[in-house]
> 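Could you have a look at this structure, given as structure tokens, before my questions?
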Amino acid sequence: MYKALIDKLERESALSKKEFLTLIENRDKCREYLTKRAFEVRNKVFGNTVYIRGLIEISNYCKNDCFYCGIRRSNRNVERYRLSPEEIISCADEGFKLGFRTFVLQGGEDSYYTDELLCSVITEIKKRYPDCAITLSLGERTYKSYKTLKEAGADRYLLRHETANFEHYSRLHPKEMDFFTRLKCIADLKSMGYQVGVGFMVGSPFQTLEDLADEMLFLMQIKPQMVGIGPFISHRDTPFKNFENGSAELTTFMLSLIRLTLPNVLLPATTALGTIDGDGREKGILAGANVLMPNLSPSFAKKNYLLYDNKICTGDEAAQCIECLKNRIKKTGCEITVSRGDYKDEL
């Protein structure tokens with residue numbers, strides 16, 4: 001029965017909510033077959049290559065107060081920082097030398113980073129490295145802002161929706177944050193030609209397995225170019241500090257479902273997955289992921305950009321140790337490639 005459902009998903013890139021839920025509820029009985037199919041589909045589309053993105057965490061200031069996030073506005077224990085334009089560009093310079101051809105500028109929703117400032121950074125990076133891609137992950141902005149940044153040279157935008165369930169969203173965020181505003185931002189980004197990434201937490205507080213089935217329907221509907229998922233990991237200075245963390249096993253299972261539902265999607269094995277499980281990123285690659293995002297940020301930024309506790313900040317997560325990461329990925333039968341790693345519209 002489960003094998004037939006997985007074969008149907010691979011064939012049609014779609015299942016009903018009930019069918020997705022059946023697989024998720026019975027994942028221990030079908031994990032091996034699903035993982036095998038997802039890995040083979042990933043290799044069919046992308047070969048055995050894994051793309052790397054150079055992550056630059058530009059600011060841990062944030063106007064929002066999300067209940068799960070360590071850099072939430074009301075956390076007074078965070079040592080706040082902002083990278084200057086020169087520091088951001090310097091990170092990109094270092095990353096290019098290391099072999100990165102995509103740079104991800106990520107930060108909290110920080111009004112310091114105006115369109116003018118961001119455009120100057122984007123323009124300079126593109127001037128130096130015209131063949132590289134720039135991804136932004138800077139939260140909710142206006143339509144005009146997204147358009148201005150796109151015209152300056154931004155190629156991709158990551159905006160995790162965190163949950164596709166309106167009621168669940170309201171339990172994870174304060175009242176001033178609106179679920180439908182988030183959805184409108186995603187629609188705006190898609191309308192202006194960005195390669196758009198969404199994503200959700202696995203095992204977040206109050207989440208049900210039915211919610212995870214709904215996530216799959218949401219992804220089927222909006223067809224993003226990128227999907228970033230990771231296990232919920234609590235932070236000691238948030239209202240959710242006492243909630244149980246998500247699991248690597250459920251996260252990797254969801255990665256495999258996503259790979260079969262969106263065969264050509266760009267799918268990271270996230271830092272959170274590597275934090276919850278020492279071999280989490282390798283397990284993610286074996287489950288169908290094809291992107292890694294090593295950290296190019298300065299050491300003081302890595303130390304203070306803590307969305308959750310115990311984040312990987314040293315060793316393989318440091319971009320300078322890219323050779324170590326390459327060797328770890330080789331054990332999965334895959335290899336890291338120097339490439340922009342763009343989304344493929346066609347299989």
Side-chain angles (χ1 to χ4, degrees), residues 51-62 64 66 68-73 75-110 112-113 118 121 125 132 134-139 158 160 197 199 201 228 230-238 245 268-282 284 291-329 336:
Y51 301 130
I52 54 172
R53 319 309 202 187
L55 181 62
I56 306 172
E57 295 160 332
I58 68 173
S59 170
N60 68 351
Y61 283 87
C62 190
N64 295 327
C66 305
Y68 49 82
C69 184
I71 64 169
R72 64 197 305 261
R73 179 183 71 232
N75 184 0
R76 300 291 182 251
N77 295 323
V78 179
E79 186 176 333
R80 305 286 177 175
Y81 74 88
R82 293 183 174 110
L83 297 189
S84 68
E86 293 76 20
E87 287 173 316
I88 297 170
I89 293 165
S90 177
C91 290
D93 289 339
E94 181 183 4
F96 188 84
K97 293 174 187 175
L98 288 166
F100 291 88
R101 297 299 179 263
T102 288
F103 305 112
V104 182
L105 277 54
Q106 182 180 72
E109 293 195 20
D110 183 356
Y112 171 82
Y113 292 94
L118 289 171
V121 172
I125 294 175
C132 290
I134 294 178
T135 301
L136 303 178
S137 182
L138 302 172
L158 305 177
R160 289 183 20 151
M201 292 179 288
F232 164 76
I233 305 176
S234 65
H235 189 288
R236 62 188 177 278
D237 294 320
T238 70
N245 290 337
T270 58
T271 302
L273 184 54
T275 297
I276 207 80
D277 183 322
D279 297 321
R281 285 171 296 181
E282 291 93 326
V291 174
L292 293 170
M293 297 173 64
N295 203 323
L296 284 171
S297 308
S299 57
F300 70 85
K302 292 178 193 174
K303 180 177 68 175
N304 292 305
Y305 195 86
L306 297 178
L307 308 184
Y308 46 81
D309 284 341
N310 303 314
K311 174 189 168 187
I312 299 171
C313 293
T314 58
D316 288 349
E317 179 58 18
Q320 291 80 354
C321 197
I322 191 66
E323 290 303 318
C324 304
L325 197 54
K326 286 180 179 178
N327 290 332
R328 294 184 68 164
I329 295 306
I336 289 174

> Hey, do the aromatic rings of Phe300 and Tyr81 have their centres closer than 6.0 Å?
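They qualify: ring centres under 6.0 Å apart.
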
> Indicate whether any N or O donor in one side chain lies under 3.5 Å from an N or O acceptor in the other, for Asn60 and Asn304.
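Their side chains do not contain a donor-acceptor pair, so the 3.5 Å distance test is not met.
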
> With a 4.5 Å heavy-atom cut-off, do Leu83 and Pro298 have their side chains touching?
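When only atoms from C-beta onward are counted, Pro298 and Leu83 do touch, with a gap below 4.5 Å.
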
> Is any side-chain heavy atom of Tyr51 closer than 4.5 Å to one of Thr102?
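In short, these two side chains do not touch, never coming nearer than 4.5 Å.
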
> With the threshold set at 4.0 Å, does a side-chain nitrogen-carboxylate oxygen contact exist between Arg76 and Asp237?
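Here Arg76 does not pair with Asp237 in a salt bridge, since their nearest N and O are not under 4.0 Å apart.
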
> Could you go through the side chain to side chain contact (heavy atoms under 4.5 Å, CB included) check for Thr238 and Tyr68 one step at a time?
CA-CA 6 Å; Thr238 70; Tyr68 49 82; 5.8 Å; no

> Taking the side chain as everything from C-beta on, heavy atoms only, tell me whether Pro294 gets closer than 4.5 Å to Phe100.
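In contact.
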
> Between Arg101 and Phe96, is NZ or CZ placed under 6.0 angstrom from the six-membered ring centre and within 45° of the ring axis?
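Here Arg101 passes the 6.0 Å and 45° test against Phe96.
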
> Decide yes or no on side chain to side chain contact (heavy atoms under 4.5 Å, CB included) for Arg82 and Ser59, but give the supporting numbers first.
CA-CA 4 Å; Arg82 293 183 174 110; Ser59 170; 3.8 Å; yes

> I'd like to know if Lys326 pairs up with Glu323 as an ion pair, taking the criterion as any Lys NZ or Arg NE/NH1/NH2 lying under 4.0 Å from an Asp or Glu carboxylate oxygen.
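Result for this pair is yes, salt bridge flagged.
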
> When you compare the side chain of Leu136 with that of Leu118, does any pair of heavy atoms fall below 4.5 Å?
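No, every pair of side-chain atoms sits at 4.5 Å or beyond.
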
> Set out, in order, the CA-CA distance, both residues' side-chain angles and the distance that settles side chain to side chain contact (heavy atoms under 4.5 Å, CB included) for Val104 and Met293, then state yes or no.
CA-CA 8 Å; Val104 182; Met293 297 173 64; 3.8 Å; yes

> Could you tell me whether the side chain of Arg328 reaches within less than 4.5 Å of the side chain of Arg281, counting heavy atoms only?
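Touching, per the 4.5 Å side-chain cut-off.
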
